[in-house]
There are 2 protein chains.
Amino acid sequence: MYEGVVQDLIDELGRLPGVGPKSAQRIAFHLLQADEPDVRRLAETLLQVKARVRFCSICFNVSEDDTCRICRDPRRDPTALCVVEEYKDVVAIERTREFKGRYHVLGGAISPIDGIGPDQLRIRELLTRLSDGAITEIILATDPNLEGEATATYLTRLMRDLGLRITRLASGLPVGGDLEYADEVTLGRAFSGRRAAE
Amino acid sequence: MYEGVVQDLIDELGRLPGVGPKSAQRIAFHLLQADEPDVRRLAETLLQVKARVRFCSICFNVSEDDTCRICRDPRRDPTALCVVEEYKDVVAIERTREFKGRYHVLGGAISPIDGIGPDQLRIRELLTRLSDGAITEIILATDPNLEGEATATYLTRLMRDLGLRITRLASGLPVGGDLEYADEVTLGRAFSGRRAAE
(Lines give C-alpha, C1' and ligand atoms only; values in the text may rest on other atoms or scores of the structure.)
Protein backbone atom coordinates (compact mmCIF):
# COMPACT_ATOMS: atom_id res chain seq x y z
CA MET A 1 0.00 0.00 0.00
CA TYR A 2 2.88 2.36 0.76
CA GLU A 3 5.82 3.29 -1.47
CA GLY A 4 8.41 0.47 -1.42
CA VAL A 5 10.91 1.51 1.21
CA VAL A 6 8.26 3.06 3.47
CA GLN A 7 6.45 -0.27 3.52
CA ASP A 8 9.78 -2.00 4.23
CA LEU A 9 10.28 0.25 7.24
CA ILE A 10 6.74 -0.37 8.51
CA ASP A 11 7.34 -4.12 8.16
CA GLU A 12 10.68 -3.95 9.99
CA LEU A 13 9.25 -1.85 12.82
CA GLY A 14 6.23 -4.14 13.09
CA ARG A 15 8.58 -7.01 13.97
CA LEU A 16 9.65 -5.29 17.20
CA PRO A 17 7.98 -6.50 20.39
CA GLY A 18 4.92 -4.51 21.41
CA VAL A 19 4.83 -2.58 18.12
CA GLY A 20 1.58 -3.34 16.29
CA PRO A 21 0.80 -2.35 12.68
CA LYS A 22 -0.66 1.02 13.71
CA SER A 23 2.34 1.92 15.89
CA ALA A 24 4.74 0.79 13.19
CA GLN A 25 2.96 3.11 10.76
CA ARG A 26 3.03 6.01 13.21
CA ILE A 27 6.74 5.54 13.92
CA ALA A 28 7.50 5.23 10.20
CA PHE A 29 5.68 8.50 9.42
CA HIS A 30 7.49 10.17 12.27
CA LEU A 31 10.83 9.01 10.86
CA LEU A 32 9.86 10.14 7.35
CA GLN A 33 9.46 13.65 8.71
CA ALA A 34 12.33 13.53 11.18
CA ASP A 35 15.66 15.20 10.46
CA GLU A 36 18.15 13.00 8.66
CA PRO A 37 20.82 13.20 11.44
CA ASP A 38 18.30 12.00 14.05
CA VAL A 39 17.37 8.96 11.99
CA ARG A 40 21.02 8.30 11.21
CA ARG A 41 21.83 8.40 14.94
CA LEU A 42 19.13 5.82 15.68
CA ALA A 43 20.38 3.57 12.87
CA GLU A 44 23.96 3.87 14.05
CA THR A 45 23.05 3.17 17.66
CA LEU A 46 21.38 -0.04 16.48
CA LEU A 47 24.55 -1.10 14.69
CA GLN A 48 26.74 -0.04 17.64
CA VAL A 49 24.72 -2.17 20.03
CA LYS A 50 25.29 -5.24 17.91
CA ALA A 51 28.95 -4.37 17.33
CA ARG A 52 29.91 -3.47 20.88
CA VAL A 53 27.66 -5.31 23.29
CA ARG A 54 28.77 -8.77 24.30
CA PHE A 55 28.21 -10.87 27.37
CA CYS A 56 30.45 -10.87 30.44
CA SER A 57 32.65 -13.97 30.31
CA ILE A 58 32.09 -14.54 34.05
CA CYS A 59 28.42 -13.82 34.74
CA PHE A 60 26.89 -13.40 31.21
CA ASN A 61 25.61 -9.96 32.08
CA VAL A 62 25.56 -7.50 29.17
CA SER A 63 28.93 -5.80 28.83
CA GLU A 64 31.00 -3.73 26.44
CA ASP A 65 34.18 -5.43 27.69
CA ASP A 66 35.23 -9.00 28.34
CA THR A 67 33.90 -8.71 31.91
CA CYS A 68 31.05 -6.52 33.10
CA ARG A 69 31.23 -3.56 35.47
CA ILE A 70 29.88 -5.59 38.37
CA CYS A 71 32.34 -8.48 38.00
CA ARG A 72 35.20 -5.96 37.68
CA ASP A 73 34.15 -3.96 40.76
CA PRO A 74 36.40 -4.98 43.73
CA ARG A 75 33.91 -3.55 46.22
CA ARG A 76 31.31 -6.20 45.35
CA ASP A 77 31.02 -9.07 47.83
CA PRO A 78 32.65 -12.12 46.19
CA THR A 79 30.88 -14.57 48.53
CA ALA A 80 27.25 -13.78 47.48
CA LEU A 81 25.90 -14.74 44.07
CA CYS A 82 22.46 -13.79 42.80
CA VAL A 83 21.15 -16.05 40.03
CA VAL A 84 18.76 -14.34 37.60
CA GLU A 85 17.11 -15.23 34.30
CA GLU A 86 17.95 -12.17 32.21
CA TYR A 87 20.10 -9.06 32.02
CA LYS A 88 17.11 -6.86 32.82
CA ASP A 89 16.72 -8.66 36.14
CA VAL A 90 20.25 -7.58 37.05
CA VAL A 91 19.28 -3.99 36.33
CA ALA A 92 16.06 -4.29 38.35
CA ILE A 93 17.93 -5.68 41.39
CA GLU A 94 20.73 -3.12 41.06
CA ARG A 95 18.11 -0.40 41.21
CA THR A 96 17.01 -1.57 44.68
CA ARG A 97 20.60 -1.11 46.03
CA GLU A 98 19.87 -4.06 48.36
CA PHE A 99 22.44 -6.45 46.97
CA LYS A 100 26.20 -6.00 47.09
CA GLY A 101 27.30 -9.35 45.67
CA ARG A 102 27.68 -10.51 42.10
CA TYR A 103 25.32 -12.06 39.55
CA HIS A 104 24.91 -15.04 37.30
CA VAL A 105 22.62 -14.63 34.29
CA LEU A 106 21.10 -17.95 33.23
CA GLY A 107 19.78 -16.68 29.92
CA GLY A 108 16.21 -17.79 30.57
CA ALA A 109 14.25 -20.28 32.64
CA ILE A 110 13.46 -23.95 32.29
CA SER A 111 10.41 -24.25 30.04
CA PRO A 112 9.75 -27.66 28.46
CA ILE A 113 6.97 -26.17 26.30
CA ASP A 114 9.48 -23.81 24.68
CA GLY A 115 12.09 -26.56 24.47
CA ILE A 116 14.31 -24.92 27.10
CA GLY A 117 15.87 -27.43 29.46
CA PRO A 118 18.79 -27.04 31.88
CA ASP A 119 21.27 -27.57 29.03
CA GLN A 120 20.06 -24.45 27.24
CA LEU A 121 20.78 -22.32 30.33
CA ARG A 122 24.15 -21.33 31.75
CA ILE A 123 23.96 -23.82 34.60
CA ARG A 124 27.21 -25.61 33.81
CA GLU A 125 28.96 -22.24 33.97
CA LEU A 126 27.25 -21.57 37.31
CA LEU A 127 28.58 -24.82 38.78
CA THR A 128 32.07 -23.98 37.49
CA ARG A 129 31.92 -20.66 39.33
CA LEU A 130 31.07 -22.48 42.56
CA SER A 131 33.95 -24.95 42.29
CA ASP A 132 36.62 -22.87 44.06
CA GLY A 133 34.49 -22.43 47.20
CA ALA A 134 34.68 -18.60 47.25
CA ILE A 135 30.92 -18.26 46.88
CA THR A 136 29.03 -19.21 50.05
CA GLU A 137 25.56 -17.80 49.45
CA ILE A 138 23.27 -18.20 46.48
CA ILE A 139 20.16 -16.07 46.04
CA LEU A 140 17.79 -17.56 43.47
CA ALA A 141 16.06 -14.55 41.95
CA THR A 142 14.18 -16.19 39.09
CA ASP A 143 10.77 -14.86 38.09
CA PRO A 144 7.85 -15.73 40.43
CA ASN A 145 6.09 -17.72 37.70
CA LEU A 146 5.89 -21.37 36.67
CA GLU A 147 9.15 -21.43 34.70
CA GLY A 148 11.06 -19.36 37.23
CA GLU A 149 9.91 -21.53 40.13
CA ALA A 150 10.78 -24.71 38.25
CA THR A 151 14.24 -23.33 37.54
CA ALA A 152 14.78 -22.34 41.17
CA THR A 153 13.63 -25.76 42.37
CA TYR A 154 15.93 -27.48 39.89
CA LEU A 155 18.92 -25.37 40.96
CA THR A 156 18.17 -25.87 44.66
CA ARG A 157 18.29 -29.65 44.21
CA LEU A 158 21.41 -29.44 42.10
CA MET A 159 23.32 -27.35 44.64
CA ARG A 160 21.86 -28.90 47.79
CA ASP A 161 24.98 -30.80 48.81
CA LEU A 162 27.51 -28.06 48.06
CA GLY A 163 27.33 -26.56 51.55
CA LEU A 164 25.96 -23.23 50.36
CA ARG A 165 23.33 -21.00 51.93
CA ILE A 166 20.62 -21.00 49.24
CA THR A 167 17.74 -18.51 49.50
CA ARG A 168 14.81 -17.42 47.35
CA LEU A 169 13.26 -13.98 47.06
CA ALA A 170 10.25 -13.46 49.34
CA SER A 171 6.80 -13.77 47.81
CA GLY A 172 4.03 -11.58 49.12
CA LEU A 173 1.91 -8.52 48.52
CA PRO A 174 3.44 -5.83 46.36
CA VAL A 175 4.13 -2.64 48.31
CA GLY A 176 1.56 0.01 47.47
CA GLY A 177 -0.88 -2.62 46.22
CA ASP A 178 -4.41 -3.32 47.42
CA LEU A 179 -4.93 -6.53 49.39
CA GLU A 180 -8.35 -6.97 47.83
CA TYR A 181 -6.93 -6.95 44.30
CA ALA A 182 -4.13 -9.43 44.99
CA ASP A 183 -4.59 -12.80 43.29
CA GLU A 184 -5.17 -15.73 45.61
CA VAL A 185 -1.75 -17.31 45.06
CA THR A 186 0.04 -14.09 45.99
CA LEU A 187 -2.22 -13.55 48.99
CA GLY A 188 -1.70 -17.18 50.04
CA ARG A 189 2.09 -16.72 49.83
CA ALA A 190 1.82 -13.52 51.84
CA PHE A 191 -0.04 -15.49 54.53
CA SER A 192 2.25 -18.48 54.65
CA GLY A 193 5.29 -16.18 54.66
CA ARG A 194 3.93 -13.87 57.41
CA ARG A 195 6.46 -12.36 59.79
CA ALA A 196 6.32 -11.21 63.42
CA ALA A 197 4.98 -7.64 63.57
CA GLU A 198 7.63 -5.18 64.76
CA MET B 1 21.73 2.42 34.75
CA TYR B 2 22.51 0.28 31.70
CA GLU B 3 25.85 -0.24 29.97
CA GLY B 4 26.64 2.81 27.80
CA VAL B 5 25.44 1.85 24.35
CA VAL B 6 22.41 -0.07 25.65
CA GLN B 7 21.29 3.06 27.46
CA ASP B 8 21.91 5.06 24.27
CA LEU B 9 19.63 2.70 22.38
CA ILE B 10 16.91 2.91 25.05
CA ASP B 11 17.15 6.71 24.87
CA GLU B 12 16.94 6.75 21.08
CA LEU B 13 13.98 4.36 21.00
CA GLY B 14 12.24 6.36 23.73
CA ARG B 15 12.18 9.38 21.40
CA LEU B 16 9.90 7.58 18.93
CA PRO B 17 6.21 8.45 19.11
CA GLY B 18 4.17 6.15 21.32
CA VAL B 19 7.25 4.39 22.71
CA GLY B 20 7.44 4.97 26.47
CA PRO B 21 10.43 4.11 28.68
CA LYS B 22 9.19 0.57 29.34
CA SER B 23 8.59 -0.18 25.66
CA ALA B 24 11.96 1.32 24.75
CA GLN B 25 13.59 -1.02 27.26
CA ARG B 26 11.67 -4.02 25.96
CA ILE B 27 12.58 -3.27 22.35
CA ALA B 28 16.23 -2.68 23.30
CA PHE B 29 16.45 -6.05 25.09
CA HIS B 30 14.82 -7.72 22.13
CA LEU B 31 17.42 -6.18 19.81
CA LEU B 32 20.25 -7.19 22.15
CA GLN B 33 19.19 -10.78 21.71
CA ALA B 34 18.18 -10.54 18.05
CA ASP B 35 20.41 -11.86 15.29
CA GLU B 36 22.89 -9.35 13.97
CA PRO B 37 21.56 -9.46 10.34
CA ASP B 38 18.03 -8.64 11.55
CA VAL B 39 19.19 -5.58 13.44
CA ARG B 40 21.41 -4.54 10.55
CA ARG B 41 18.43 -4.79 8.19
CA LEU B 42 16.36 -2.51 10.44
CA ALA B 43 19.21 0.01 10.67
CA GLU B 44 19.72 -0.04 6.92
CA THR B 45 16.02 0.37 6.20
CA LEU B 46 16.05 3.46 8.40
CA LEU B 47 18.93 4.91 6.40
CA GLN B 48 17.32 3.88 3.09
CA VAL B 49 14.12 5.68 3.97
CA LYS B 50 15.99 8.90 4.55
CA ALA B 51 18.15 8.41 1.46
CA ARG B 52 15.45 7.40 -0.99
CA VAL B 53 12.15 8.88 0.08
CA ARG B 54 11.38 12.35 -1.19
CA PHE B 55 8.19 14.21 -1.90
CA CYS B 56 6.39 14.21 -5.24
CA SER B 57 7.14 17.51 -6.98
CA ILE B 58 3.50 17.80 -8.06
CA CYS B 59 1.38 16.70 -5.12
CA PHE B 60 3.93 16.35 -2.25
CA ASN B 61 2.94 12.77 -1.64
CA VAL B 62 5.76 10.50 -0.49
CA SER B 63 7.67 9.16 -3.47
CA GLU B 64 10.89 7.42 -4.40
CA ASP B 65 10.97 9.31 -7.71
CA ASP B 66 10.48 12.92 -8.73
CA THR B 67 6.74 12.30 -9.11
CA CYS B 68 4.66 9.78 -7.19
CA ARG B 69 2.89 6.70 -8.55
CA ILE B 70 -0.49 8.42 -8.47
CA CYS B 71 0.61 11.55 -10.36
CA ARG B 72 2.36 9.33 -12.93
CA ASP B 73 -0.67 7.08 -13.44
CA PRO B 74 -2.45 8.13 -16.70
CA ARG B 75 -5.63 6.30 -15.63
CA ARG B 76 -6.22 8.74 -12.76
CA ASP B 77 -8.84 11.42 -13.43
CA PRO B 78 -6.94 14.71 -14.01
CA THR B 79 -10.02 16.85 -13.26
CA ALA B 80 -10.57 15.80 -9.63
CA LEU B 81 -8.18 16.82 -6.86
CA CYS B 82 -8.42 15.64 -3.27
CA VAL B 83 -6.70 17.93 -0.76
CA VAL B 84 -5.39 16.17 2.37
CA GLU B 85 -3.20 17.11 5.31
CA GLU B 86 -0.68 14.27 5.30
CA TYR B 87 0.70 11.39 3.26
CA LYS B 88 -1.07 8.87 5.47
CA ASP B 89 -4.41 10.44 4.50
CA VAL B 90 -3.62 9.63 0.86
CA VAL B 91 -3.05 6.01 1.85
CA ALA B 92 -6.27 5.90 3.88
CA ILE B 93 -8.33 7.26 0.97
CA GLU B 94 -6.60 5.00 -1.57
CA ARG B 95 -7.57 2.05 0.60
CA THR B 96 -11.28 2.91 0.14
CA ARG B 97 -10.94 2.71 -3.70
CA GLU B 98 -13.62 5.42 -3.88
CA PHE B 99 -11.49 8.11 -5.48
CA LYS B 100 -9.95 7.99 -8.94
CA GLY B 101 -8.53 11.50 -9.13
CA ARG B 102 -5.25 12.92 -7.84
CA TYR B 103 -4.11 14.39 -4.53
CA HIS B 104 -2.54 17.44 -3.01
CA VAL B 105 -0.77 16.99 0.34
CA LEU B 106 -0.79 20.22 2.34
CA GLY B 107 1.75 19.05 4.90
CA GLY B 108 -0.47 19.77 7.90
CA ALA B 109 -3.40 21.94 8.92
CA ILE B 110 -3.76 25.56 9.99
CA SER B 111 -3.08 25.71 13.73
CA PRO B 112 -2.26 29.13 15.18
CA ILE B 113 -1.34 27.53 18.55
CA ASP B 114 1.39 25.51 16.86
CA GLY B 115 2.45 28.50 14.75
CA ILE B 116 1.17 26.92 11.54
CA GLY B 117 -0.52 29.41 9.24
CA PRO B 118 -1.41 29.14 5.53
CA ASP B 119 2.17 30.07 4.57
CA GLN B 120 3.54 26.95 6.27
CA LEU B 121 1.29 24.72 4.16
CA ARG B 122 1.54 23.95 0.45
CA ILE B 123 -1.33 26.24 -0.47
CA ARG B 124 0.60 28.37 -2.96
CA GLU B 125 1.52 25.15 -4.78
CA LEU B 126 -2.15 24.12 -4.73
CA LEU B 127 -3.20 27.39 -6.40
CA THR B 128 -0.47 26.95 -9.02
CA ARG B 129 -1.88 23.54 -9.86
CA LEU B 130 -5.32 25.07 -10.40
CA SER B 131 -4.05 27.80 -12.74
CA ASP B 132 -4.32 25.87 -16.03
CA GLY B 133 -8.00 25.06 -15.51
CA ALA B 134 -7.61 21.27 -15.93
CA ILE B 135 -8.87 20.61 -12.38
CA THR B 136 -12.60 21.20 -12.01
CA GLU B 137 -13.43 19.50 -8.72
CA ILE B 138 -11.78 19.89 -5.35
CA ILE B 139 -12.53 17.50 -2.47
CA LEU B 140 -11.38 18.93 0.83
CA ALA B 141 -10.48 15.86 2.90
CA THR B 142 -8.86 17.52 5.92
CA ASP B 143 -9.30 15.94 9.36
CA PRO B 144 -12.72 16.40 11.02
CA ASN B 145 -11.20 18.37 13.91
CA LEU B 146 -10.70 22.05 14.73
CA GLU B 147 -7.53 22.51 12.67
CA GLY B 148 -8.80 20.48 9.73
CA GLU B 149 -12.10 22.37 9.64
CA ALA B 150 -10.32 25.71 9.85
CA THR B 151 -8.08 24.69 6.95
CA ALA B 152 -11.03 23.53 4.84
CA THR B 153 -12.93 26.76 5.55
CA TYR B 154 -9.86 28.84 4.65
CA LEU B 155 -9.35 26.93 1.38
CA THR B 156 -13.04 27.14 0.48
CA ARG B 157 -12.94 30.95 0.79
CA LEU B 158 -9.67 31.14 -1.13
CA MET B 159 -10.97 29.09 -4.06
CA ARG B 160 -14.55 30.32 -4.01
CA ASP B 161 -14.30 32.41 -7.17
CA LEU B 162 -12.29 29.97 -9.27
CA GLY B 163 -15.36 28.26 -10.73
CA LEU B 164 -14.58 24.89 -9.14
CA ARG B 165 -16.89 22.35 -7.59
CA ILE B 166 -15.67 22.26 -4.00
CA THR B 167 -16.89 19.51 -1.66
CA ARG B 168 -16.11 18.27 1.85
CA LEU B 169 -16.19 14.73 3.20
CA ALA B 170 -19.49 13.83 4.88
CA SER B 171 -19.63 13.91 8.68
CA GLY B 172 -21.78 11.40 10.50
CA LEU B 173 -21.90 8.22 12.49
CA PRO B 174 -19.05 5.79 11.88
CA VAL B 175 -20.22 2.57 10.25
CA GLY B 176 -20.35 -0.22 12.79
CA GLY B 177 -20.50 2.24 15.69
CA ASP B 178 -23.13 2.54 18.38
CA LEU B 179 -25.41 5.56 18.17
CA GLU B 180 -25.52 5.82 21.94
CA TYR B 181 -21.74 6.13 22.20
CA ALA B 182 -21.38 8.79 19.50
CA ASP B 183 -20.33 12.21 20.84
CA GLU B 184 -22.94 14.93 20.54
CA VAL B 185 -21.13 16.83 17.77
CA THR B 186 -20.91 13.73 15.57
CA LEU B 187 -24.53 12.82 16.29
CA GLY B 188 -25.56 16.43 15.57
CA ARG B 189 -23.73 16.32 12.24
CA ALA B 190 -25.35 13.00 11.41
CA PHE B 191 -28.74 14.64 12.03
CA SER B 192 -28.13 17.79 10.07
CA GLY B 193 -26.65 15.80 7.19
CA ARG B 194 -29.48 13.22 7.12
CA ARG B 195 -30.44 11.80 3.73
CA ALA B 196 -33.65 10.42 2.27
CA ALA B 197 -34.00 6.74 3.18
CA GLU B 198 -33.69 4.48 0.16
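Side chains included, hydrogens not; waters and symmetry mates left out as well; all remaining heavy atoms used. Proteins come first, then strands; the chains are lettered A, B, ... in the order of their sequence lines, and each starts at number 1.
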* To do: Test side chain to side chain contact (heavy atoms under 4.5 Å, CB included) on A:D73 and A:R69 and set out the steps.
  => CA-CA 6 Å; A:D73 186 345; A:R69 284 188 300 194; over 6 Å; no
* Under 3.5 Å, is there a donor-acceptor pair linking the side chains of A:S63 and A:D65? -> no
* To do: Determine the option with the most heavy-atom pairs under 4.5 angstrom with chain B, choosing from A:I27, A:D8, A:L13.
  => A:I27
* Structure fact -> If you tally heavy-atom pairs under 4.5 Å between each of A:E86, A:E64, A:R15 and chain B, the highest tally belongs to A:E64
* Salt-bridge test for B:R76 and B:E94: reply yes if a basic N is under 4.0 Å from a carboxylate O, no otherwise. => yes
* To do: Please lay out, stage by stage, how A:V83 and A:R122 fare under the test side chain to side chain contact (heavy atoms under 4.5 Å, CB included).
  => CA-CA 10 Å; A:V83 178; A:R122 293 170 197 128; over 6 Å; no
* Asked: What parts of residues 29-51 of chain A touch chain B if we use heavy atoms and a cut-off under 4.5 Å?
  -> A:F29, A:H30, A:L31, A:L32, A:Q33, A:A34, A:D35, A:E36, A:D38, A:V39, A:R40, A:R41, A:L42, A:A43, A:T45, A:L46, A:L47, A:Q48, A:V49, A:K50
* Flag if over 12 foreign heavy atoms under 6.0 Å of NZ, A:K100 -> yes
* Using the side chain to side chain contact (heavy atoms under 4.5 Å, CB included) rule, take B:L127 and B:L158 through it: C-alpha gap first, then chi angles, then the decisive distance, then the call. => CA-CA 9 Å; B:L127 296 179; B:L158 198 67; 4.0 Å; yes
* Structure fact -> Bottom line for B:R26: the part with an atom under 4.5 Å from chain A's heavy atoms is both
* What part of B:V90 gets closer than 4.5 Å to chain A, counting heavy atoms only: side chain, backbone, both or neither? -> neither
* Structure fact -> Heavy-atom nearest pair, B:V19 first then B:A24, reads CG1-N, 3.6 Å
* **Worked check of side chain to side chain contact (heavy atoms under 4.5 Å, CB included) between A:L164 and A:L81** => CA-CA 11 Å; A:L164 300 160; A:L81 190 71; over 6 Å; no
